[in-house]
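Quick one: this structure, given as structure tokens, is what I'll be asking you about.
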Amino acid sequence: MGRIIVDVMPRTEILDPQGQAIAGMLGRMNITGFTEVRQGKRFELTVDGDVTDAQLAAAKEAAEKLLSNPVIEDVVAIRGEQA
Amino acid sequence: MRIGVVTFPGTLDDVDAARAVRLAGGTPVPLWHADTSVGDVAAVVLPGGFSYGDYLRAGAIAGRARIMADIKDRAAAGMPVLGICNGFQMLCEAGLLPGALVRNRDQRFICTDQRLRIEAADTPWTSGYEQGTEIVVPLKNMDGCYMASDELLQQVEGDGQVAVRYVGANPNGSRNDIAGVRNSAGNVVGLMPHPEHAIEPGYGPDAVTGTGGTDGLTFFTSVLQGVLA
């Protein structure tokens, strides 16, 4: 089975309180060296056999119409992983 | 006057919204997310809760539920639609209102009596208020932070689409203290605070005498008067 991976991230100008909370906790855990943490989402869309161009196009449509909200999020990557 | 109240899996405040419609003098009509039509109603309320568990994003799944296609069509034809809390999130996700709601700035569920200012009294849901009226109704949510890009925010402000604004300290990080917006036509309104929880004397927020707390009722009487007029 092949897989299509879709990565969605909050847009850079949008407040990301979850990322900020993670950054704060990392500091309290003494895990340092990061100037910022942002939290996004990864979706895995599984297909039968190898990933086709048509399936990638469908994944792109899914990413734009449902998996992300363009007001607050960007689709940063869509890629196929072969079976 | 029949006003539809839509229940989705995970909706919590449909009974309160229906009660608000009834106390305002209307007839609430229960609707279901899987219905294909809202039927013979003059207006629709999308109530609060956590539809579909708020999976993916708050209101994201509900905003694409079957009944939303008809609500979009009817809204485009001018039918008044009110989204409260999760209903507001659905309207944003459905593209009926500008902007989006994200996690509260302080990462906490907020439950408080909230002071608000009516910024747009030119909608069917707010016409009974004077412009600039301050009201106090409950605010209770996890994802109530109103977000829009600079460009969109400028457009929303410039077109007078801010319907309701927080007064006092910003509770959740919402841009420009925005608590609710309307569409450009004005018939679709969404807000995070809950007018339907402030409709009965003695049961809504009233720290002074404990016998008032009906500031939210005007949302429901406004639409009834507008529809009858």
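Residue numbers start from 1 in every chain, and the chains themselves are labelled A, B, ... in the order their sequence lines are given, proteins ahead of strands.
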Is the shortest heavy-atom distance from the side chain of B/Arg64 to the side chain of A/Lys65 under 4.5 Å?
-> no
Mind ranking A/Val8, A/Ile14, A/Asp16 by heavy-atom pairs under 4.5 Å with chain B and telling me who comes out on top?
-> A/Ile14
Contacting region of B/Asn104 [heavy-atom separation from chain A under 4.5 Å] | backbone
So how far is it from B/Cys92 SG to A/Asn69 CG, rounded to the nearest 0.5 Å?
-> 8.5 Å
CG/A/Leu66 to CZ/B/Arg57 distance, rounded to the nearest 0.5 angstrom?
-> 6.5 Å
Give a yes or no on whether B/Lys72 atom NZ has more than 12 heavy-atom contacts from other residues, nucleotides or ligands under 6.0 Å away.
-> no
When rounded to the nearest 0.5 angstrom, what is the spacing between CZ in B/Arg103 and CD in A/Gln20?
-> 13.0 Å
For chain A, find which of B/Gly173, B/Cys145, B/Ser149, B/Gly99 contributes the most heavy-atom pairs closer than 4.5 angstrom.
-> B/Gly99
Atom CZ of B/Phe109 with >12 non-hydrogen neighbours under 6.0 angstrom | yes
Report the option among A/Ala21, A/Ser68, A/Pro10 that has the most heavy-atom pairs separated by less than 4.5 Å from atoms of chain B.
-> A/Ser68
Give a yes or no on this: more than 12 heavy atoms of other residues, nucleotides or ligands lie within 6.0 Å of atom CD of B/Gln154.
-> no
Do you know which of A/Arg11, A/Lys41, A/Glu13 has the most heavy-atom pairs with chain B at a distance under 4.5 angstrom?
-> A/Lys41
Quick one: are A/Val71 and B/Met147 in side-chain contact, heavy atoms under 4.5 Å?
-> no
B/Glu151 atom CD: more than 12 heavy-atom contacts under 6.0 Å | no
